[in-house]
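Taking it in order: structure first as structure tokens, then the write-up.
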Amino acid sequence: EAGVTQSPTHLIKTRGQQATLRCSPISGHTSVYWYQQALGLGLQFLLWYDEGEERNRGNFPPRFSGRQFPNYSSELNVNALELEDSALYLCASSSQQGTDLFFGPGTRLTVL
Amino acid sequence: AQSVTQLGSHVSVSEGALVLLRCNYSSSVPPYLFWYVQYPNQGLQLLLKYTSAATLVKGINGFEAEFKKSETSFHLTKPSAHMSDAAEYFCAVSDGGSYIPTFGRGTSLIVHP
């Protein structure tokens with residue numbers, strides 16, 4: 001069974017640009033979670049999508065947004081990139097609310 | 001609100017020695033508690049979880065953790081460290097409301113030969 005996949009592996013952008021990160025959950029999983037892992041800060045919760053709807057949002061500005069598609073894959077968009085957005089962005093999926101999260105390998109975003 | 005504190009950003013042990021990684025949590029309701037491991041350039045892998053069943057939880061790779069309500073702790077242990085255990089370890093807590101895990105800042109385990 002394929003795990004959670006994320007693309008691209010690495011992404012380099014400059015300040016002010018927009019970044020789009022993609023995530024494909026494990027087959028059969030309907031929930032997708034996005035976390036930001038910045039150096040020394042652990043994982044910070046960004047967004048939770050379930051059945052195509054945004055269910056919860058972490059303490060991040062509105063320029064962090066996303067969506068979930070009918071096939072349950074998800075996209076994270078970061079607008080007006082700032083230097084401090086440089087981080088590893090992790091996607092996780094679960095089969096339903098309250099069950100284990102399975103993480104992908106992450107997308108390393110570097111903002112120059 | 002829930003939160004997790006992991007004591008020590010780095011823990012260094014010799015191969016064969018006891019591993020002890022500390023985690024304290026706060027939660028307004030009985031929590032679900034997790035330990036995840038992250039190897040270099042990889043995502044997180046679930047080691048073990050506590051969900052109000054047995055207080056001593058056994059996980060993969062010989063790790064175990066004990067839930068102590070009175071101490072609000074969920075420390076991770078392994079009797080004998082192996083070089084392959086070198087990784088970043090994250091403790092996480094979720095409550096029965098959102099089920100969204102809140103993570104600690106992580107502890108880097110260094111294993112010396």
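Here the structure is a predicted model, which means the values were calculated and not measured. Per chain, numbering begins at 1; letters A, B, ... match sequence-line order.
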Once rounded to the nearest 0.5 Å, what's the spacing between atom OG1 of B:Thr102 and atom CZ of A:Phe45?
9.0 Å

Might you confirm whether atom CG of B:Asn41 has over 12 heavy atoms from other residues, nucleotides or ligands at distances under 6.0 Å?
no

Working to the nearest 0.5 Å, report the span between CG of A:Asp100 and NZ of B:Lys49.
3.0 Å

When you look at CZ of A:Arg63, are more than 12 heavy atoms from neighbouring residues, nucleotides or ligands closer to it than 6.0 Å?
yes

Under 4.5 Å between side-chain heavy atoms, counting indirect links through other Ile/Leu/Val/Met/Phe/Trp/Tyr residues: same cluster for B:Leu18 and B:Leu109 or not?
no

Counting only non-hydrogen atoms closer than 4.5 Å, does B:Gln38 touch chain A with its backbone (N, CA, C, O), its side chain (CB onward), both, or neither?
side chain

Can you tell which part of B:Leu44 gets under 4.5 Å to a heavy atom of chain A, answering side chain, backbone, both or neither?
both

Under 4.5 Å between side-chain heavy atoms, counting indirect links through other Ile/Leu/Val/Met/Phe/Trp/Tyr residues: same cluster for B:Val19 and B:Ile60 or not?
yes

Verify same cluster id: B:Leu48, B:Phe67 (apolar side-chain graph, 4.5 Å)
yes

Rounded distance [0.5 Å steps], CD1 in B:Ile100 versus CG in A:Asn56:
3.5 Å

Against chain B, residues from residues 101-112 of chain A with at least one heavy atom under 4.5 Å, in numeric order, are A:Leu101, A:Phe103, A:Gly104, A:Pro105

Neighbour count above 12 (heavy atom, 6.0 Å) for A:Leu83 CG
yes

Sort A:Gln44 into side chain, backbone, both or neither according to what part of it lies under 4.5 angstrom from a heavy atom of chain B.
neither

If I measure from the heavy atoms of chain B, does A:Leu41 come under 4.5 Å with its side chain, its backbone, both, or neither?
both

Group every Ile, Leu, Val, Met, Phe, Trp and Tyr by side-chain heavy-atom contacts under 4.5 Å, then state whether A:Phe60 and B:Phe103 land in the same group.
no

Hydrophobic clustering (ILVMFWY, side-chain heavy atoms < 4.5 Å, transitive) - are B:Leu21 and B:Val13 grouped together?
yes

